[in-house]
Amino acid sequence: MSYQLHDFLGNFGVALILISYFLVQIGRASATGIRYLVANGTGALLVLYSLWFDFNLSAFIIEITWLMISLVGLVRVLQIRRRS
């Protein structure tokens, strides 16, 4: 088995998602914070990139959904900030 750049980026994306979620759970980050949403969206993008090389439908579905949820949250937060 060879470990290539896309594998590393996919694993880095997983780490971003897990660490950001962990920080929310321990109260060190807000689930509506821009950093959290960007970390989750970026993590999902990196995992999706790795799936381009080694496709898995289940992983694709969860990551595309995770990305959409992060984007909806980010747009919502930015709209609320703009109104304030």
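Along the sequence shown, the residues carry numbers beginning at 1. For the numbers below, each heavy atom of this structure counts, side chains included, while hydrogens, waters and symmetry mates do not.
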So the ring-ring contact (aromatic ring centres under 6.0 Å, His included) pairs with at least one residue in residues 8-53 (sequence neighbours excluded) are H6-F53, Y49-F53
inquiry  = Main chain of L37, side chain of N40: is a donor-acceptor contact present, judged purely on distance under 3.5 Å?
reply    = no
The reported gap from CG in L51 to CG in L57 (rounded to nearest 0.5 angstrom) is 10.0 Å
Let me check something: any side-chain donor-acceptor pairs from residues 25-34 under 3.5 Å, sequence neighbours excluded? List them with distances.
unit_1, atom_1, unit_2, atom_2, d
S30, OG, T32, N, 3.2
S30, OG, T32, OG1, 3.1

| Same apolar cluster (I L V M F W Y, side chains within < 4.5 Å links), V24/V77 | yes
Taken in chain and number order and not counting sequence neighbours, the residues that satisfy side-chain hydrogen bond (donor to acceptor under 3.5 Å, both in side chains) with S50 are none
D54 meets the side-chain hydrogen bond (donor to acceptor under 3.5 Å, both in side chains) criterion, sequence neighbours left out, with none
Distance col, row L74:CG vs L78:CG, nearest 0.5 angstrom, shows 4.5 Å
* With the 4.5 Å side-chain cut-off for hydrophobic clustering, are I69 and I19 part of the same group? -> no
Exercise for the section: Consider only side-chain heavy atoms of I, L, V, M, F, W and Y, link residues closer than 4.5 Å, and tell whether I61 and L45 are in one cluster. Expected result: yes
### Connected via hydrophobic side-chain network under 4.5 Å: L18 and L9
no
Linked, directly or transitively: L48 and M68 (ILVMFWY side chains, under 4.5 Å): yes
Residues pairing under ring-ring contact (aromatic ring centres under 6.0 Å, His included) where one sits in residues 60-84, two or more places apart or in two chains, turn out to be F55-F60
When every non-hydrogen atom of S20 is compared with those of I17, the smallest separation belongs to OG-O, 3.0 Å
Minimal heavy-atom distance between T42 and L16, with the atoms involved, is CG2-CD1, 3.9 Å
Applied to residues 69-84, the side chain to side chain donor-acceptor pair (under 3.5 Å) test, sequence neighbours excluded, yields none
